[in-house]
Amino acid sequence: LQQRWIFGSAGPVCAAPRTSRRERFSGREWPYRSQRSLALSFNQSPGAVSKPIYPTRSPVMREMIVLRVARERTSMATRGQKSKRAGTFTISPGNDVNGELTLARARTSLYLEDKEFFHPIGISYIKGVLRDLTKVSLMECITTSGPGSGSRGNERYHFAEIFPHFVVFGQHHIAPEEKSIAKIHFVIDDAMTLFYDFDAFGSLIDARPFIDQIVSAQIEQIARHYPMDRQIATGPDPQILYFTGKREIFSAETVIGTISASHNPSHSLGGPTGVQVENKIVITIAPKDEIVFEEAIARTLIMVAYFGLLVGRPQRVLELYLRTTPESDMQMPLRVYWSMPPKRRPSHEKRNPHPADVRLDAVRQPEMFSRVLANWLERHQEWRDARQRFFDSFAKQRRYPIDRLTASANMFDILPNSAVPSKVELPANLKAAKSRARRIFRTLPPESGTRECTGRSRPSGKKQSEAKGELSSKESH
């Protein structure tokens, strides 16, 4: 009675009796069940099971399944406002120290304590192993407190506190200088608005003509995979929810790699409580060659800024995962906890962007979307400084301080020469007319009405000096 049937678009999967949450997150439940546990769920010998749990699926679908399971297995670490994880951390070769890692965004910290003296200042990379055997790699670390010491009686201990900008969780460590990152997956908060694929999911208006055919096909698939006599009764008011199966929204070849966005739906197991389908849109960067961690973060920031420009407001990074080489189909990606990720001011949350306001349509015009993205990235290295000025001002949204106006002017000053029209030489007759006009205006006295010609009055006294200063400032810009 405790057995549950999982009905997928590619065939049914039988799950064993319900397990505890600890067992689910330790990898002993669907879809990473061992042969032995799967065989025991059917009261068979372990060697009798020869069929894979998943039928053949597309690479994109397998990748999205692994990402979804990775989120489920690691969500316990970041649930709530603050999370504490104890473990052992290596601050230098052969020097392991006990510590407690606290995940709290800008207040994230690693507290280290040991009976022997240790010196963490100047160490930017620390690796460790948590109590549940999860490997963690702490990147861009800064020592915020210590090293210090304390005592109680005749016993003495030493401690320090460190702030990591990034904490990478996974099945293995990753070093900052290691060129092993093959793919970057991330989720932004306005992805549903940016990639508004309305027809990807839906419900059938009238399911009565089709329900018997679907149920019959499901019974046949069950019998083909597992020899069990199972009947499914239908009624007069059926409902059919669907996902079209088209996962990839767009894909573009760019100078920083292949950029793509894909649907990543997940569904409940069904039963008397009902069935629910939820979706997340995952953006992927696949560099042409493996890159280091710092470069992966830099490319992520470029794409987050670009997508925020299309949506109309800066984006928050909700999830970030890394895939390293060598890569296998079911290898769990590394999850990145970003202590100080890109964010928006709470005052900018009053009005959410609308799909009609998005500047490019990746769903209906994927070719144009890909072409514009590729061209934008192609000249980003040359335009980077000017664009950074723009995005700094863009982050202020509806706030317009004086510094924003100055930064906007400087943004155009530092554009490369290729961004503006080349200098055009005037013909000889125009040059001569220009020189004669200058000589004529210079011979006129100030009181002869030249202000009507130039369109500018001549203030006097203090106002005149202020006007000259303002004019020279404008001319410099």
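Residues: numbered from 1 along the sequence shown.
- K246 places a side-chain N or O within 3.5 Å of a backbone atom of E248 that can act as its donor or acceptor partner.
- In this structure, the side chains of F210 and I240 come closer than 4.5 Å at one or more pairs of heavy atoms.
- L130 and F89 make their closest contact through CD2-CZ, 4.1 Å (heavy atoms, listed as atom of the first residue, atom of the second, distance).
- At least one side-chain heavy atom of L322 sits less than 4.5 Å from a side-chain heavy atom of I184.
- Contact detail for T134 and G170: the closest heavy-atom pair is CG2-O, 3.8 Å.
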**Q.** Intermediate values then yes/no, salt bridge (charged side-chain N to carboxylate O under 4.0 Å, His left out), R85 and D132
**A.** CA-CA 9 Å; R85 311 288 297 277; D132 61 356; 2.8 Å; yes
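- A distance of 8.0 Å separates CD in E113 from CZ in F118, rounded to the nearest 0.5 Å.
- Between Y242 and D199, the closest heavy-atom pair is CE1-O, 4.5 Å.
- Side-chain contact check for P176 versus E140: every heavy-atom pair is 4.5 Å or farther apart.
- Here the CH2 atom belonging to W383 is positioned 15.5 Å from the CD atom belonging to Q388, to the nearest 0.5 angstrom.
- Relative to the six-membered ring of F394, R313 misses at least one condition, a distance below 6.0 Å or an angle of at most 45° to the axis.
- Within a 6.0 Å sphere centred on CZ of R389, heavy atoms belonging to other residues, nucleotides or ligands number 12 at most.
- Nearest heavy-atom pair, S339 versus F166, reported as atom, atom and distance to 0.1 Å: OG-N, 4.4 Å.
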Begin from the C-alpha positions of H185 and T284 and carry the test side chain to side chain donor-acceptor pair (under 3.5 Å) through to its verdict. CA-CA 5 Å; H185 305 283; T284 301; 2.9 Å; yes
ask   = Does the side-chain contact (heavy atoms from CB on, under 4.5 Å) test come out yes or no for R387 and R379, once each step is laid out?
value = CA-CA 11 Å; R387 285 176 173 174; R379 61 183 183 185; 3.6 Å; yes
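- Counting heavy atoms from C-beta on, the side chains of L241 and H267 never come closer than 4.5 Å.
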Does the salt bridge (charged side-chain N to carboxylate O under 4.0 Å, His left out) test come out yes or no for R344 and D189, once each step is laid out? CA-CA 11 Å; R344 294 189 299 269; D189 54 346; 2.7 Å; yes
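- Of the possible donor and acceptor atoms, one in the side chain of Y337 sits under 3.5 Å from a partner among the backbone N and O of R105.
- Only one option out of L103, I162, L138 pairs with T108 in a side-chain contact (heavy atoms from CB on, under 4.5 Å); it is L103.
- Here the side chain of N279 pairs a donor or acceptor atom with the backbone of N264 at under 3.5 angstrom.
- Counting only heavy atoms from C-beta outward, the side chains of I121 and P147 approach each other to under 4.5 Å.
- In R359, the CZ atom is crowded: over 12 heavy atoms of neighbouring residues, nucleotides or ligands sit closer than 6.0 Å.
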Stepwise, does the side-chain contact (heavy atoms from CB on, under 4.5 Å) test hold for I283 with M303? CA-CA 9 Å; I283 302 168; M303 296 311 306; 5.6 Å; no
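- Distance check: I302 CD1 to L377 CG gives 7.0 Å after rounding to the nearest 0.5 Å.
- When all heavy atoms of P342 and L301 are compared, the pair lying nearest together is CG-CD2, 3.7 Å.
- The distance from the CG atom of D212 to the CD1 atom of I232 is 11.5 Å, given to the nearest 0.5 Å.
- Note that CZ of R299 is 11.0 Å distant from NE2 of H380, once rounded to the nearest 0.5 Å.
- Judged by distance alone, with hydrogens and angles left aside, the side-chain atoms of S268 form a donor-acceptor pair with the main-chain N or O of Q276 at under 3.5 Å.
- Atom CD of E294 is surrounded by 12 or fewer heavy atoms from other residues, nucleotides or ligands within 6.0 Å.
- In this structure, E378 places its CD atom where only 12 or fewer heavy-atom neighbours from other residues, nucleotides or ligands lie under 6.0 Å away.
- Here the side chains of F391 and L309 are in contact, with some heavy-atom distance below 4.5 Å.
- One N or O on the side chain of Y125 and one on the backbone of I174 form a donor-acceptor pair closer than 3.5 Å.
- When the shell of 6.0 Å around NZ of K127 is examined, it contains 12 or fewer heavy atoms from other residues, nucleotides or ligands.
- Counting all heavy atoms, side chain and backbone alike, A386 lies closest to M411 at O-CG, 3.3 Å.
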**OP:** Apply side-chain contact (heavy atoms from CB on, under 4.5 Å) to F307 and F195, showing your working.
**Re:** CA-CA 10 Å; F307 290 136; F195 307 108; 4.1 Å; yes
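- Around atom CZ of R131, more than 12 heavy atoms belonging to other residues, nucleotides or ligands sit under 6.0 Å away.
- Two residues are said to be in side-chain contact when any heavy atoms from C-beta on lie closer than 4.5 Å; V363 and F198 fail this criterion.
- Rounding to the nearest 0.5 angstrom, the gap separating the CG atom in D361 from the CG atom in L310 is 11.0 Å.
- K84 and T102 are linked by a side-chain donor-acceptor pair at a separation below 3.5 angstrom, with hydrogens and angles left out of the test.
- Proximity of I181 to L334: side-chain heavy atoms (C-beta onward) are nowhere separated by under 4.5 Å.
- A 6.0 Å sphere centred on CE of M192 holds more than 12 heavy atoms belonging to other residues, nucleotides or ligands.
- Residues E253 and T258 have side chains that bring a donor and an acceptor to within less than 3.5 angstrom of each other.
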| task | Begin from the C-alpha positions of M139 and V336 and carry the test side-chain contact (heavy atoms from CB on, under 4.5 Å) through to its verdict. | result | CA-CA 10 Å; M139 306 286 192; V336 180; over 6 Å; no
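- A donor-acceptor distance shorter than 3.5 angstrom exists from the side chain of Q315 to the backbone of D190, with no hydrogens or angles considered.
- Relative ring orientation between F243 and H263 is described as perpendicular, the plane-to-plane angle rising above 60° on a 0-90° scale split at 30° and 60°.
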